[in-house]
Peer 1: 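Mind having a look at this structure? Questions to follow.
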Amino acid sequence: MAILGGNVSIYVSDMGQAIDFYTQTLGLALRVRIKNEWAEIDAGGGLTLGLHPAHEGSAQPGASGAINIELAVDDLDAQVAVLRERGVRFVGEIQNYENVRLATFLDPDQNALLLAQVLHTGT
């Protein structure tokens with residue numbers, strides 16, 4: 001099992017407005033869009049900005065936690081098991097959504113990061 005890359009994920013209040021800002025205003029390229037649930041913006045140098053709408057229970061745009069780091073994995077359950085064996089502390093249960101599965105863990109300073117298994121690549 002290995003981490004395969006990742007993105008900086010940003011909760012947004014309006015997907016269309018956010019995509020226009022990052023592409024039209026900042027001049028970055030839209031890589032992937034899955035309806036109004038997810039968009040990937042190529043920020044150059046290997047950095048991907050992942051945009052998705054805030055929802056009940058998520059951080060709200062502009063608030064603490066509205067931007068996070070998601071590390072991509074191909075088998076979330078296996079990677080969680082490996083990292084638990086290495087002493088990594090996970091917070092809560094694995095979250096299962098239509099297009100992604102997420103597991104939140106803490107670094108030594110108690111910063112939350114996520115492991116993400118993408119289930120749908122979109123268009």
Side-chain angles (χ1 to χ4, degrees):
M1 298 307 111
I3 294 173
L4 306 171
N7 67 77
V8 175
S9 183
I10 304 169
Y11 287 106
V12 301
S13 59
D14 181 303
M15 283 293 284
Q17 182 180 23
I19 290 170
D20 285 349
F21 174 77
Y22 287 99
T23 60
Q24 303 301 314
T25 304
L26 296 184
L28 302 174
L30 176 64
R31 184 182 299 148
V32 173
R33 182 172 183 172
I34 302 172
K35 302 178 187 174
N36 280 325
E37 294 300 317
W38 178 254
E40 291 181 6
I41 306 293
D42 184 347
L47 177 62
T48 299
L49 303 178
L51 308 177
H52 56 90
H55 54 79
E56 187 175 330
S58 75
Q60 295 303 300
S64 177
I67 298 176
N68 57 56
I69 297 172
E70 295 179 4
L71 302 174
V73 297
D74 60 358
D75 184 337
L76 184 63
D77 297 303
Q79 190 66 48
V80 167
V82 166
L83 293 180
R84 277 193 171 128
E85 287 178 10
R86 295 178 183 169
V88 173
R89 183 172 151 233
F90 284 83
V91 178
E93 300 297 320
I94 290 175
Q95 300 169 339
N96 295 293
Y97 299 100
E98 181 180 356
N99 297 307
V100 68
R101 299 178 69 224
L102 301 169
T104 303
F105 67 97
L106 302 175
D107 75 2
D109 292 309
Q110 307 307 301
N111 295 307
L113 297 104
L114 294 121
L115 294 179
Q117 179 182 356
V118 175
L119 305 173
H120 183 288
T121 57
T123 55

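Keep in mind that what you see is a predicted model, and the values were worked out from it rather than measured. Counting begins at 1 with the first residue of the sequence.
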Peer 1: State the CE-NZ distance between Met15 and Lys35, to the nearest 0.5 angstrom.
Peer 2: 12.5 Å
Peer 1: Report whether Leu71 and Val88 are members of the same hydrophobic cluster (ILVMFWY, side-chain heavy atoms less than 4.5 Å apart, transitive linking).
Peer 2: yes
Peer 1: For the backbone of Glu93 and the side chain of Gln95, can you confirm whether one donor and one acceptor N or O come within less than 3.5 Å of each other?
Peer 2: no
Peer 1: Whether the side chain of Glu70 engages the backbone of Leu113 through a donor-acceptor N/O pair (distance < 3.5 Å, no angle test) should be reported.
Peer 2: no
Peer 1: Does CD in Glu98 sit with more than 12 non-hydrogen atoms of other residues, nucleotides or ligands closer than 6.0 Å?
Peer 2: no
Peer 1: Side chains of Val100 and Leu119: closer than 4.5 Å at any heavy-atom pair?
Peer 2: no
Peer 1: For a 4.5 angstrom cut-off between non-hydrogen side-chain atoms, does Trp38 reach Val118?
Peer 2: no
Peer 1: Roughly how far, to the nearest 0.5 Å, is CG of Leu51 from CG of Asp14?
Peer 2: 11.0 Å
Peer 1: Side-chain heavy atoms under 4.5 angstrom apart, residues restricted to Ile, Leu, Val, Met, Phe, Trp, Tyr: same cluster for Ile10 and Leu26?
Peer 2: yes
Peer 1: Thr23: what forms a side-chain contact (heavy atoms from CB on, under 4.5 Å) with it, not counting sequence neighbours?
Peer 2: Ile19, Leu30, Ile41
Peer 1: List the steps and the verdict of side-chain contact (heavy atoms from CB on, under 4.5 Å) for Val12 and Phe21.
Peer 2: CA-CA 11 Å; Val12 301; Phe21 174 77; over 6 Å; no
Peer 1: Taking Ile3 as the starting point, is it possible to reach Leu76 by hopping between hydrophobic residues whose side chains are less than 4.5 Å apart?
Peer 2: yes
Peer 1: Work out which heavy atom in Asp74 is nearest to a heavy atom in Gln117; give both atom names and the distance.
Peer 2: O-NE2, 3.2 Å
Peer 1: For Pro61 versus Ser13, what's the shortest heavy-atom pair and its separation?
Peer 2: CG-N, 3.5 Å
Peer 1: Are Leu102 and Val91 linked, directly or through other ILVMFWY residues, by side chains that come within less than 4.5 angstrom of each other?
Peer 2: no
Peer 1: Check Ala66 against Gln60 and note the closest heavy-atom contact, atom names and distance.
Peer 2: CB-O, 3.3 Å
Peer 1: Nearest heavy-atom pair of Gly6 and Thr48: which atoms, and what distance?
Peer 2: O-CB, 4.0 Å
Peer 1: Let me confirm one number: the CD1-OG1 distance from Ile94 to Thr104, rounded to the nearest 0.5 Å.
Peer 2: 10.0 Å
Peer 1: Linking I/L/V/M/F/W/Y whenever their side-chain heavy atoms sit closer than 4.5 Å, directly or via other members, would Tyr22 and Ile69 fall into one cluster?
Peer 2: no
Peer 1: Output the distance between atom CG (Asp77) and atom CG (Leu115), rounded to the nearest 0.5 Å.
Peer 2: 11.0 Å
Peer 1: Quick check for you: to the nearest 0.5 Å, what is the distance between Arg89 atom CZ and Leu106 atom CG?
Peer 2: 5.0 Å
Peer 1: Which atom pair, heavy atoms only, marks the closest approach of Ile34 to Asn99?
Peer 2: CG2-ND2, 3.8 Å
Peer 1: What are the two closest non-hydrogen atoms of Tyr11 and His52, and how far apart are they?
Peer 2: CE2-CE1, 2.7 Å
